[in-house]
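What follows is a set of notes on a single structure, which appears directly below.
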Amino acid sequence: MILLEIEEKWQKKWEDARIFYSDPKDMKKFFVNFPYPYVNGFMHLGHSFSLMRAEVFARYKRMCGYNTLFPFGFHATGTPIVAAAERVRDGEKSQIDILEKMEVPKELIPKFSDPEFWVRYFPEESIKDLKLLGLCVDWRRSFITTSLNPFYDKFIRWQFNKLKEKNFVVKGEHPVTWCPKCNNPIGDHARLEGEGITPEEIILLKFKFENKILPAATYRVETVFGVTNMWMNPGTKYLEVEVDGEIWIISPVAAEKLINQKHKINIIKELDSKELIGKSCENPLTGDRVPILPATFVSPEIGTGVVMSVPSHAPYDYIALKDIQSNPSKYGVPDSLVRNITPIPLIVVEDFGKNPAIEISEKMGISSQEDVDKLEEATNIIYKKEFHQGILNERTGKYKGIKVSDVKKIIVTDFVNSGVASLFFELPGKVVCRCLTQGVVKIVSDQWFLAYGSPEWKGLAKKCLAQMNIYPEKARKQFEYVLDWLKDWACTREFGLGTKLPWDEKWVIESLSDSTIYMAYYVLAKFFEDPSYKIDPQKLDDYFFDYVYLKLGNLEEVSAKSGLSKELILDMKKEFEYWYPFEFRNSGKDLIQNHLSFCIFNHAAIFPEELWPKGFGVNGWVLVDGEKMSKSKGNFYTIKQIVKMYGADAARITLMNGGEGLDDPNWDSEFARTITDKLKNWQDFCIENYGKGRTEKLYIDRWFLSVLDKAIKETTEAMNDTNFRTALSKGFFDLQRDLKWYLKRCLNSPNKEVISEVIKTQTLILAPFTPHICEEIWEKLGFEPFISNASWPEYREEMIDKISEESEYYIEEVVNDIREIISVLSRGEQKSLEKIEIYTAENWKWDLIEIIKTKENMGEAIKTAMSNEEFRKNGKDVNLIIQRCFKNRYFPERFDEKEVLNEAKKFLMEEFKTEVNIDPKEDPGNDRKKAIPRKPGMHIYFK
RNA sequence: GCGGGGGUUGCCGAGCAUGGUCUAAGGCGCCGGACUUAAGAUCCGGUGACGCAGGUCUUCGAGGGUUCGAAUCCCUUCCCCCGCACCA
């Protein structure tokens with residue numbers, strides 16, 4: 001059963017009482033937020049974990065006496081929605097399927113051909129779903145991004161003008177994976193094929209051929225010193241092309257690529273490779289003349305279709321060369337041309353001989369250039385080894401004696417500067433756009449960048465990070481690394497929803513760049529989203545945001561320009577000054593390397609130090625019953641579905657119990673299914689027991705109060721560190737177990753004060769996790785609504801009582817010992833007991849422990865003990881006790897064992913359903929002698 | 001390769017900072033029992049091995065070391081996961 005009715009009831013009450021509508025007040029504040037979701041679908045389980053961490057923290061802080069703000073926006077910036085809308089318009093089946101699978105009402109689907117409809121529809125639906133979860137969000141502040149929201153649009157323009165003023169926006173060019181049809185970069189998510197593939201730099205080495213250039217493409221520039229010949233594919237056409245004033249011979253595909261990579265080209269004529277094969281060209285570095293030979297492994301699709309041959313270090317080259325040397329006529333070249341070609345060793349690696357490619361080919365038994373799998377493997381092995389360990393030999397001239405990994409960059413720069421080489425970008429694999437077009441590399445010029453690579457900006461960002469709380473602290477290193485590693489970020493696109501770049505309106509600001517400081521916008525959204533303020537966005541320009549956010553300009557002027565009253569403007573300003581900066585922003589760990597770091601950078605650039613972010617939380621990715629969530633696996637759930645199946649409280653607590661830290665949290669369906677009953681039982685228990693019970697005080701009451709206080713302490717610590725699973729574990733599951741033990745121990749007759757205290761505390765601890773049922777309990781117990789606004793239980797050091805805990809632990813151990821003896825003796829058979837006799841340790845044994853506990857070591861302890869005559873009488877036992885204590889470094893706290901046992905006597909009798917005697921006069925088995933402090937002797941009699 | 005995080009008893013997952021009550025919490029699963037006409041749920045007990053009196057022996061990726069004592073500290077080694085971007 002689930003608790004939908006109760007949930008609805010309280011959600012309505014919260015809304016009616018507007019308790020989560022947070023306004024500035026004369027009290028300490030806490031601002032929590034969460035990266036707004038992209039509105040191309042419903043919110044799902046994947047969002048919900050990160051979200052719930054913000055939610056639980058917000059509720060917790062509220063109970064700790066903070067005026068807490070938790071706003072929630074929606075992100076529409078970027079290309080996916082526009083692209084998806086286009087696909088709907090084109091009637092593309094796969095896209096319509098996606099919408100149908102999401103359970104979008106069928107009749108609405110045609111409307112999704114308009115991007116604006118997505119932007120209206122999904123935020124509305126998401127808000128409904130999130131309300132079902134019982135979030136403590138101030139919904140007045142919700143908004144969408146892009147120019148569809150003119151206020152936000154103005155805000156982003158302001159932000160970019162600020163960045164520009166500080167020279168943090170710069171112009172430049174960079175290579176991207178590009179779709180020629182969509183005329184846009186193809187991000188990973190927009191690919192049918194080729195995820196993770198990015199442009200790689202490859203070097204074109206300009207071999208001279210007649211007056212022309214034969215550009216050989218290679219990842220291994222350093223091997224140019226060992227070239228023995230060139231390879232061209234005998235079966236394909238080549239082109240003679242004018243490239244930047246030189247004549248190049250390259251494959252047709254390569255010519256296309258050059259156009260996209262900012263080269264001016266002009267095709268002169270087509271060439272048959274036969275016109276070149278058999279002739280020779282000149283190595284631009286060594287001046288050697290080398291023959292051009294045919295090889296089928298050369299692909300015209302990759303690089304330039306021209307490959308240099310280094311048989312000493314490249315297995316492909318070696319095998320092809322061997323093929324051709326063994327049968328030149330088959331390849332149509334004269335024997336004289338190839339007979340004398342011998343591999344030229346260049347790179348020295350300890351474990352390899354002179355010609356590693358030959359060795360490995362022989363070892364792996366590679367016989368033909370068609371044996372692609374083995375050749376790839378061999379190439380990889382050699383490449384890795386030579387790159388990391390290889391040292392260049394004398395043939396490489398001035399690079400001799402240097403490690404390949406150290407010298408590679410230098411060589412490239414040298415070659416490019418001296419004009420013998422040219423940079424080129426290549427995709428190391430096939431990329432296919434969602435529109436089915438194959439991706440290419442394009443060098444985008446006139447591109448605007450956020451200069452995250454700038455050292456001064458990095459400096460500010462690092463300073464910002466240093467003053468932040470990172471939850472978990474473990475993730476800080478990751479942030480430090482990212483701040484260092486980030487380079488300039490291309491912040492504009494030619495296509496998609498968003499805000500236009502204020503000074504260059506052909507560009508739209510890209511989605512990760514318009515979402516960096518918008519937490520400050522929530523503060524104003526309260527005003528912008530409320531039409532009764534009659535704010536005209538057209539009148540709000542930079543001067544306005546300057547005033548409200550940065551205290552620049554003067555009120556008179558701002559009021560005059562904006563047409564807003566001074567009071568209103570001051571209210572906005574005060575609101576901002578009250579709430580900002582934010583204390584906690586939580587997201588998945590995947591956002592560390594972009595969004596969260598960008599957030600740091602942009603705050604550091606625009607705002608003064610006191611307004612920099614105060615804390616980030618990051619977490620892993622939700623697993624569903626141990627498996628990755630995915631639509632294809634059929635374990636993909638929206639928030640709506642989850643709430644329907646399990647209820648909001650169950651969903652919330654299941655999420656928070658699923659994990660913490662950077663590990664992937666796990667949604668446990670079994671837990672979700674069973675937890676509601678447990679919560680319901682708790683409710684019943686509370687109602688049944690609150691304010692009832694005996695007034696007499698027992699040991700066990702003292703014990704439980706101590707345990708309760710410890711639980712509060714540990715739970716509070718966990719909550720403060722956003723370790724919510726630990727908090728649940730200590731503050732709910734452990735506490736419930738202790739409660740059970742307590743009830744058992746007091747034979748179901750709890751002390752009135754104690755039980756009431758526990759009920760109250762436990763319910764308060766649960767409130768951030770399962771607020772609905774806790775509200776219900778709170779109300780039933782007669783407290784003022786709302787528990788959401790009640791105070792988190794306070795920990796009181798003086799309630800911790802070590803002696804009670806010790807003595808209770810003692811009882812537990814007595815029970816365990818009795819059980820063990822019974823089980824050993826009964827050997828699986830059922831035997832009934834006649835009686836149990838327990839003998840506590842004599843007083844002198846306790847005295848002994850008091851004396852030896854302060855001693856440094858065993859020797860000293862024995863010495864001291866034996867100086868006392870009474871101990872000396874029992875020398876053997878004294879020795880035993882001392883040994884035990886020192887072996888475990890454990891000296892029990894003294895308490896009256898007999899008294900404790902006597903109080904627990906009824907319980908023990910109940911537990912073992914037999915007679916129990918404590919310290920009986922008769923001791924036929926001489927069991928008392930075996931007793932040591934905290935470990936009584938005992939004798940068990942069977943019938 | 002670079003950077004980060006990990007390898008714990010059937011599984012999940014604590015513990016490791018501050019070495020000793022650590023055979024190592026808790027959950028799940030499994031076994032036994034109670035309840036029930038029965039199933040489910042719930043509750044109790046067990047769940048490394050051996051043990052006819054509360055004990056003994058063996059385990060924390062692997063190997064070595066420090067220590068009276070190591071899951072915890074040090075060294076070596078193997079393996080796994082995540083990120084490395086132009087994007088939500």
Side-chain angles (χ1 to χ4, degrees), chain A residues 35 37-41 75 77-81 174-178 184-190 196 198-199 384 387-388 405 444 447 449-450 452 472 474-482 484-493 496 510-513 515 589-595 597 620-621 623 625-626 657-659 661-664 666 668 670-671 674 677-678 681 725-726 728-730 733-734 737 740 744 809 813-814 816-830 857-858 884-892 911 925 927 930 934-940:
Chain A
Y38 188 63
V39 292
N40 63 344
H75 201 198
T77 309
T79 55
I81 288 174
H174 73 130
V176 294
T177 311
W178 185 264
N184 219 48
I186 322 175
D188 254 356
H189 62 283
T198 58
K384 270 195 186 152
F387 181 78
H388 295 289
S405 53
V444 179
Q447 173 65 264
F449 290 86
L450 291 171
Y452 297 143
K474 245 181 208 172
R476 185 181 296 277
K477 278 189 181 170
Q478 198 85 264
F479 275 104
E480 283 167 356
Y481 178 76
V482 171
D484 254 329
W485 159 85
L486 270 175
K487 293 179 226 131
D488 292 359
W489 176 263
C491 63
T492 54
R493 288 297 106 86
E510 161 280 341
S511 69
L512 281 171
S513 301
S515 57
K589 60 184 172 186
D590 49 318
L591 296 192
I592 294 174
Q593 61 265 15
N594 46 53
H595 168 72
S597 290
W621 283 90
L623 303 174
D625 295 323
N657 189 54
L662 290 170
D663 296 332
D664 290 340
N666 184 38
D668 182 346
E670 183 61 18
F671 181 94
T674 53
D677 279 348
K678 292 197 176 113
N681 287 342
R725 188 182 54 185
T726 301
L728 277 174
S729 161
K730 304 266 184 203
F733 297 107
D734 288 357
R737 211 180 15 258
K740 251 184 228 165
K744 200 161 130 180
Y809 188 41
E813 283 190 329
V814 167
N816 286 338
D817 279 353
I818 295 173
R819 278 216 183 94
E820 194 176 348
I821 295 167
I822 293 172
S823 98
V824 169
L825 292 183
S826 61
R827 308 179 83 191
E829 293 164 45
Q830 283 280 43
N857 55 53
M858 213 187 300
R884 245 188 125 93
C885 286
F886 276 90
K887 187 183 155 213
N888 298 324
R889 304 286 141 136
Y890 176 66
F891 305 89
E911 186 71 12
D927 292 296
K930 290 187 219 155
R934 271 192 114 290
K935 200 160 181 62
M938 50 185 72
H939 204 108
I940 292 168

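In this text, all values refer to a predicted model and were calculated from it rather than measured experimentally. Any value given below was found using the heavy atoms of this structure, including those in side chains, with hydrogens, waters and symmetry copies removed.
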Tabulate protein N/O versus nucleotide N/O from nucleotides 6-11 of chain B, keeping only pairs under 3.5 Å, one per line.
{"from": "G6(B)", "atom 1": "OP1", "to": "Lys474(A)", "atom 2": "NZ", "distance (Å)": "2.3"}

**Item:** RNA chain B: 5'-proximal contact among Lys740(A) and Thr77(A) (nearest heavy atom)
**Value:** Lys740(A)

**Prompt:** Thr198(A) near the nucleic acid: base, sugar-phosphate alone, or nothing, with a heavy-atom cut-off under 4.0 Å?
**Reply:** sugar-phosphate

**Message:** Whole angstroms only, please: what is the CZ-C1' distance between Phe479(A) and G4(B)?
**Reply:** 12 Å

**Asked** For Asp625(A), which residues count as a side-chain hydrogen bond (donor to acceptor under 3.5 Å, both in side chains) partner, sequence neighbours excluded?
**Response** Ser669(A)

**Request:** Only counting residues at least two apart or in another chain, list the ones meeting side-chain hydrogen bond (donor to acceptor under 3.5 Å, both in side chains) with Lys730(A).
**Result:** none

**Message:** We want to know whether Gln447(A) and Thr492(A) form a side-chain donor-acceptor pair, criterion being a heavy-atom distance below 3.5 angstrom.
**Reply:** yes

**Fill in**
To the nearest angstrom, the CG-C1' distance between Leu591(A) and C84(B) comes to 15 Å

**Message:** Checking base pairs now: Watson-Crick or wobble, both atom distances under 3.5 Å. What partners A62(B)?
**Reply:** U76(B)

Is there any protein nitrogen or oxygen under 3.5 Å from a nitrogen or oxygen in nucleotides 25-28 of chain B, and what are the pairs?
{"from": "G26(B)", "atom 1": "O3'", "to": "Arg737(A)", "atom 2": "NH1", "distance (Å)": "3.2"}

**Request:** Using whole Å, report how far CZ of Arg819(A) lies from C1' of A53(B).
**Result:** 17 Å

**Item:** Rounded interatomic separation in angstrom, taking CD1 from Ile940(A) and C1' from C52(B)
**Value:** 13 Å

**Complete:** Looking only at C87(B), G45(B), G5(B), the nucleotide nearest the Lys477(A) side chain is G5(B)

If you restrict it to nitrogen or oxygen atoms, what contacts under 3.5 Å exist between nucleotides 55-58 of chain B and the protein, and what is each distance?
{"from": "G55(B)", "atom 1": "N7", "to": "Glu820(A)", "atom 2": "OE2", "distance (Å)": "3.4"}

**Item:** Minimum-distance nucleotide to Arg493(A) side chain [options: C86(B), G54(B), C84(B)]
**Value:** C86(B)

**Prompt:** Are the side chain of Asp664(A) and the backbone of Gly620(A) linked by a donor-acceptor contact shorter than 3.5 Å?
**Reply:** no

**Request:** Please name all residues satisfying side-chain hydrogen bond (donor to acceptor under 3.5 Å, both in side chains) with Asp734(A), sequence neighbours left out, ordered by chain then number.
**Result:** Arg737(A)

